[in-house]
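A short write-up of the structure that comes next.
Chain letters run A, B, ... following the sequence lines, proteins first, then strands; residues in each count from 1.
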Protein chains: 2
Amino acid sequence: MTQVTELRGDLELWARMKPLAESDDAEWVNAARDLDTWPGAREAARLQMRRGAAPRARKLYSPAVLADERDREALREMADHGFRVRIATTPLPQGTFIIDRRTIILTDPVLPATAAQGRRTYTMSAAPALVGGAYALFEAAWESAADLDAFLGSGRPAIDAQTSRVLRALGTGVTDEAAARQLGMSLRTYRRRVAELLVALDAGSRFQAGVRAGELGLTRG
Amino acid sequence: MTQVTELRGDLELWARMKPLAESDDAEWVNAARDLDTWPGAREAARLQMRRGAAPRARKLYSPAVLADERDREALREMADHGFRVRIATTPLPQGTFIIDRRTIILTDPVLPATAAQGRRTYTMSAAPALVGGAYALFEAAWESAADLDAFLGSGRPAIDAQTSRVLRALGTGVTDEAAARQLGMSLRTYRRRVAELLVALDAGSRFQAGVRAGELGLTRG
DNA sequence: GAGCCCGTGGCAGTTTGCTGCCACCGGCAC
DNA sequence: GTGCCGGTGGCAGCAAACTGCCACGGGCTC
């Protein structure tokens, strides 16, 4: 039987987390929907930033985390302190921590019954199989996620309905003329949209714009 | 205490797996390094294909799986039978199965001690937190992995040292002239390389090639 | 109504990308 | 040596892309 512990409530979680957070040079890896995976998440991050132990921390969030202005600032701060922050294209409903490739902590899914009690539970384990498997998946998700800068720095705003159709047309590899005809607009207007896209994606060429779009997953929408 | 079971040996694994494999309409999700995650993997896949229950199966492999010619064929066959197959850019050292979002089975890391015994072990659990967490990570990894066709149909062979430099140059968004000068080759040769890349990536335009390259992660090497 | 703004489209001119043709050069076989 | 071959580069011509300019039309205020 492998050891898996259920942690009831945030106090218990914090009791387990703190000694780990205080040990220097530990590798922290975290996937979550937003910055409030658990009540102490922000504080823990701040603690780590102060200790300067951040370079070995990786944080993977879903795009939802960018919705709030203050959250975006918090992310910037984390990045400035050496955290590596990336944004995945999926919701990441459940939070995951992997510490030093040895310990894994997961937020339990919020069931109506549990929510009513108002006490969140967490699952913790040090079983190599569980930790290793989760780490491998995290690595795969991390590898292809977009860097925070790519999301904040470059143009998110570009995607109104029409521009998005232009983007997809570009992705099919047809000529401007064919694409414009297909979308029912003039060649001139089509190229206007393309030019706007290049600006929005901060790209100097169509190729670069394609790379950006591909990395940001804009062509799959 | 949450229930996590260690399965010792392939027979025990098969005993647990089989009833799940035989139930129709189950969602199978699998991340692994290659087709031999466990001894019965190929057979199990074949079983599923025969039952036509494949459309709800997703398989995520590391690029290593493409090394062998027969493996590539096996992948094609799976794809033809409705399996959705994608290739991630990371090694995925540990195999992971998630069945119906309720059960998770992981291959244990192969330790020297265990290897000597010649008996592989697996870890199985139905704890919602573990399954849900792994599922979320899988989803994120899946979302940004490249489709099998993108890897097989298009050109993997393209990436010799020089072509790769051309690719990076393209990614910086400079003009052909500047890029050629920078790489110390003539404009003509540079464009030859670009044209070869377009063919290799099966792209009809530079934009499309950029998207492909971005999705395949070729620009990060 | 006049005047204005904004988005669209046409046109023309320029730049950039793309490619077929040929010439050159180094390596190799004979 | 001659001949062949594969890779390279220059040139020219063409196609595609980019952009500045202006005109037209709808919606708006006044």
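The pair A:Arg120-A:Asp10 fails the salt-bridge criterion, with no side-chain N (NZ, NE, NH1 or NH2) lying under 4.0 Å from an Asp/Glu carboxylate O. Using a cutoff of 4.0 Å between basic side-chain nitrogens and carboxylate oxygens, B:Arg70 and B:Glu73 are not scored as salt-bridged. Ion pairing of B:Glu77 with B:Arg42 is absent here, as no side-chain N (NZ or NE/NH1/NH2) approaches a carboxylate O to less than 4.0 Å.
Side-chain contact, B:Tyr190 with B:Gln182: no donor N or O sits under 3.5 Å from an acceptor N or O.
A:Trp142 carries A:Arg58 over the face of its six-membered ring, with the cationic atom under 6.0 Å from the centre and within 45° of the normal. Taking the ring axis of A:Tyr135 as reference, the NZ or CZ atom of A:Arg101 stays within 45° of it and closer than 6.0 Å to the ring centre.
If A:Ala195 and B:Gly184 are placed on DNA chain D by their nearest nucleotide, the residue sitting closer to the 5' end is B:Gly184. The residue among A:Val174 and A:Arg188 whose nearest nucleotide of DNA chain D lies closer to the 5′ end is A:Val174.
Heavy-atom contacts of chain B under 4.0 Å fall on DNA chain D between two terminal nucleotides, which in 5' to 3' order are D:dT8 to D:dC11.
Protein atom CG of B:Leu187 is 13 Å distant from nucleotide atom C1' of C:dT15, rounded to whole Å. Note: CZ (A:Arg181) to C1' (C:dG9) measures 16 Å, nearest angstrom. To the nearest angstrom, P of C:dG9 lies 11 Å from CG of A:Leu183.
On a pure distance criterion of 3.5 Å, no polar donor-acceptor pair joins the side chain of A:Arg206 and the base of C:dG17.
Listed by chain and number, the residues in a side-chain hydrogen bond (donor to acceptor under 3.5 Å, both in side chains) with B:Thr172 amount to none (sequence neighbours excluded).
Of all the heavy atoms in A:Ala79 and A:Leu148, the pair that sits closest is CB-CD2, 4.2 Å.
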- When every nucleotide of nucleotides 22-27 of chain C is labelled 5' to 3' by its protein contacts under 4.0 Å (heavy atoms), B for base, S for sugar-phosphate only, - for none, what sequence of letters results? ------
